[in-house]
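Following: one structure in structure tokens, then a few remarks.
When a ligand or atom number is given, it counts from 1 through the structure's own listing order.
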Amino acid sequence: MAAQTLTIVDNRTGKKIDVPIEEGGIRATELAKLGLVSYDPALLNTAACKSKISFIDGDRGILRYRGYPIEELAEKSSFLETAYLIVKGELPTTSHFRMWKHNITWHTLVHENLKQFIEGFRYDAHPMGILIGTVGALSTFYPEARNVMDLESRRMQTRRLIGKMPTIAAFAYRHSRGLPYVYPDNDLSYTGNFLSMMFKMTELKYKPDPVLEHALDVLFILHADHEQNCSTTTMRTIGSSLADPYVAVAGAAAALAGPRHGSANEEVVHMLHEIGSADGVPGLIKQVKAGERRLMGFGHRVYKNYDPRAKIIKRIAHEVFEVTGKNPLIDIALELERIALQDDYFVSRKLYPNVDFYSGIIYEAMQLPVAMFPVLFAIARTAGWMAQWAELVLDEEQKITRPKQIYTGYDERSYVPLDQRRDGGALEPEVSGPL
Ligand code: ACO
């Protein structure tokens with residue numbers, strides 16, 4: 001059998017090392033034997049952990065949670081059951097599922113003080129900003145959450161976070177609309193209760209439309225985990241300092257808030273409104289190809305094929321439209337996809353629709369406001385963040401995350417007194433920097 005090693009020769013010195021290959025990887029620390037670091041901006045080819053949670057084959061468009069194909073879970077499971085699978089590692093038995101459901105719904109209420117905290121935000125605050133701040137504030141309500149090595153504490157915070165995220169999210173929305181908060185209705189399903197907290201007005205009991213409730217549940221399943229994406233990496237990085245999971249989730253949600261990640265669906269809807277009709281598609285494609293803008297909802301760091309989640313979302317869009325009426329943006333999106341997938345710019349770069357391309361169109365049809373799109377993503381992703389965080393905390397190979405850098409700044413120089421410096425603060429003719 002061939003040796004399971006990689007031989008590296010430093011041609012500057014002739015020094016040679018044999019590096020063991022384990023599970024398709026080599027340890028970057030081996031390079032230290034040659035006095036080298038591995039330089040990998042944006043961690044394009046660096047595995048920072050071993051994980052048993054999500055599997056992605058980006059070339060074949062495959063996503064599995066704990067081994068189960070996303071298509072099967074979307075068709076047969078529910079969000080709460082999938083969250084159990086992600087967090088615990090196995091599908092629940094009937095009694096375990098009953099207990100899990102009870103434990104999550106038990107924690108849907110938030111402390112009354114938290115309402116006052118939300119009141120402090122400006123009347124027009126973006127709900128994602130409110131969510132990030134408020135989930136971070138939960139840390140002060142549960143100081144025992146700092147016992148991250150304690151199993152019972154980890155379980156309790158997981159239930160609380162999965163239970164309370166929809167409540168905080170809905171309160172954030174109601175605040176931004178000046179509407180009274182609606183308390184959780186634990187007779188309803190996870191997504192039915194969320195819709196009730198969002199949309200209930202004066203009626204005694206809110207009855208969610210079963211098709212919309214189910215569509216949202218499927219969307220939550222599709223967003224529940226996605227291996228080492230930007231926000232999950234943030235969750236793990238914060239978790240590696242042994243900070244409590246509330247501040248770690250706040251940080252992960254902050255990473256999700258950017259337009260390259262969880263806010264892309266917001267951007268897609270803005271983009272589709274801006275072009276207005278299918279006639280605007282060629283003009284947009286031209287701008288994208290000229291490098292003037294990106295086609296939002298297209299492209300993915302890992303998927304170099306159709307994102308399997310986008311395929312499922314496209315299907316459920318039609319179920320939603322049966323109830324809500326067709327969102328005219330779908331025709332523009334379909335035309336955009338059709339043209340893009342024939343165009344060499346997109347084909348050669350393997351740019352396909354990602355999960356965000358169609359999700360915003362469904363949310364909009366369901367009357368969910370655009371600013372809430374990343375918030376919906378955060379609710380669902382909390383299950384994945386918690387599972388990944390627990391995996392990190394228990395991983396004996398992990399330490400505090402602390403990457404290397406390659407220093408490209410000044411060599412040592414002497415301090416120049418203020419009155420001897422030129423305008424701009426340095427001896428250089430002009431100081432131009434990133435800030
Ligand atoms: N539109 C136009 N061109 C694109 C797009 C896009 N959406 N995405 C990538 N490209 C081009 C780049 O310009 C680059 O071309 P070049 O080689 O000629 O310079 C090439 O494709 C590779 O792009 P990178 O930026 O290197 O790809 P990366 O893996 O870093 O980025 C990302 C992935 C951020 C998702 C990117 O595709 C993008 O910005 N997409 C739009 C935003 C989006 O939809 N984000 C949601 C992602 S899914 C999620 O987070 C849930």
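- For atom 30 (O) of ligand 1, the nearest non-hydrogen atom of the protein is Arg301 NH2, 2.9 Å.
- Atom 50 (O) of ligand 1 is flagged as protein-proximal [any protein heavy atom, distance under 4.0 Å].
- Regarding atom 43 (C) of ligand 1, its nearest protein heavy-atom neighbour is Ala264 CB, 3.5 Å.
- In this model, no donor atom of one side chain and acceptor atom of the other lie less than 3.5 Å apart for Gln398 and Ser240.
- One finds no salt bridge joining Arg27 and Glu30 here, because no Lys/Arg side-chain nitrogen approaches an Asp/Glu carboxylate oxygen to under 4.0 Å.
- Proximity of atom 27 (O) of ligand 1 to the protein is not indicated, since no non-hydrogen protein atom lies closer than 4.0 angstrom.
- With respect to atom 45 (N) of ligand 1, the closest heavy atom belonging to the protein is Arg260 O, 3.2 Å.
- Taking the charged nitrogens against the carboxylate oxygens, Glu391 and Arg236 do have a contact shorter than 4.0 Å, which makes a salt bridge.
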Could you go through the side-chain contact (heavy atoms from CB on, under 4.5 Å) check for Gln228 and Ser51 one step at a time?
-> CA-CA 9 Å; Gln228 307 312 314; Ser51 180; 4.0 Å; yes
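- Protein heavy atom closest to atom 13 (O) of ligand 1, with residue, atom name and distance, is Arg294 NH2, 3.5 Å.
- Residue Tyr345 has at least one N or O atom closer than 3.5 Å to an N or O atom of ligand 1.
- For atom 4 (C) of ligand 1, the closest non-hydrogen atom on the protein side is Leu351 CD1, 3.5 Å.
- Residues His300 and His226 place their aromatic rings such that the two centres sit under 6.0 Å apart.
- Taking the charged nitrogens against the carboxylate oxygens, Asp343 and Lys289 do have a contact shorter than 4.0 Å, which makes a salt bridge.
- A donor-acceptor contact closer than 3.5 angstrom links the side chains of Glu119 and Tyr181.
- Given atom 15 (O) of ligand 1, the protein heavy atom at minimum distance is Arg349 NE, 3.1 Å.
- At least one heavy atom of Phe377 sits closer than 4.0 Å to an atom of ligand 1.
- The Gly297 neighbourhood of ligand 1 comprises atoms 43 (C), 44 (O), with distances under 4.0 Å to a heavy atom of that residue.
- Residue contacts with ligand 1, taken as heavy atom pairs separated by less than 4.0 Å, involve Leu295 via backbone and side-chain atoms alike.
- Cation-pi geometry between Arg294 and Phe298 is not satisfied (NZ or CZ under 6.0 Å from the ring centre, within 45° of the ring normal).
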Going by atom type alone, with no hydrogens or angles, which donor-acceptor pairs under 3.5 Å involve a side-chain atom of residues 80-87 and a protein atom two or more places apart or on another chain?
from, atom 1, to, atom 2, distance (Å)
Glu81, OE1, Ser77, OG, 2.6
Thr82, OG1, Ser77, OG, 3.0
Thr82, OG1, Ser78, O, 3.0

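- Neither the backbone nor the side chain of Asp307 has a heavy atom within less than 4.0 Å of ligand 1.
- For atom 35 (C) of ligand 1, the nearest non-hydrogen atom from the set Pro353, Pro374, Gly299 comes from Gly299.
- Ion pairing of Asp185 with Lys200 is absent here, as no side-chain N (NZ or NE/NH1/NH2) approaches a carboxylate O to less than 4.0 Å.
- The protein non-hydrogen atom at the shortest distance from atom 48 (S) of ligand 1 is His300 CD2, 3.6 Å.
- Listed by first and then second residue, the side-chain hydrogen bond (donor to acceptor under 3.5 Å, both in side chains) pairs involving residues 126-140 are His126-Glu266, Ser139-Asp244 (not counting sequence neighbours).
- Looking only at heavy atoms of the protein, atom 41 (C) of ligand 1 is closest to Phe298 O, 3.4 Å.
- Taking the six-membered ring wherever Trp is involved, the centroid distance between the rings of His96 and Trp100 does not fall below 6.0 Å.
- The distance criterion of under 3.5 Å between nitrogen or oxygen atoms is not met by Lys304 with respect to ligand 1.
- Distances below 4.0 Å separate heavy atoms of Val355 from the following atoms of ligand 1: 51 (C).
- The protein does not reach atom 22 (C) of ligand 1 closely, with no heavy atom under 4.0 angstrom from it.
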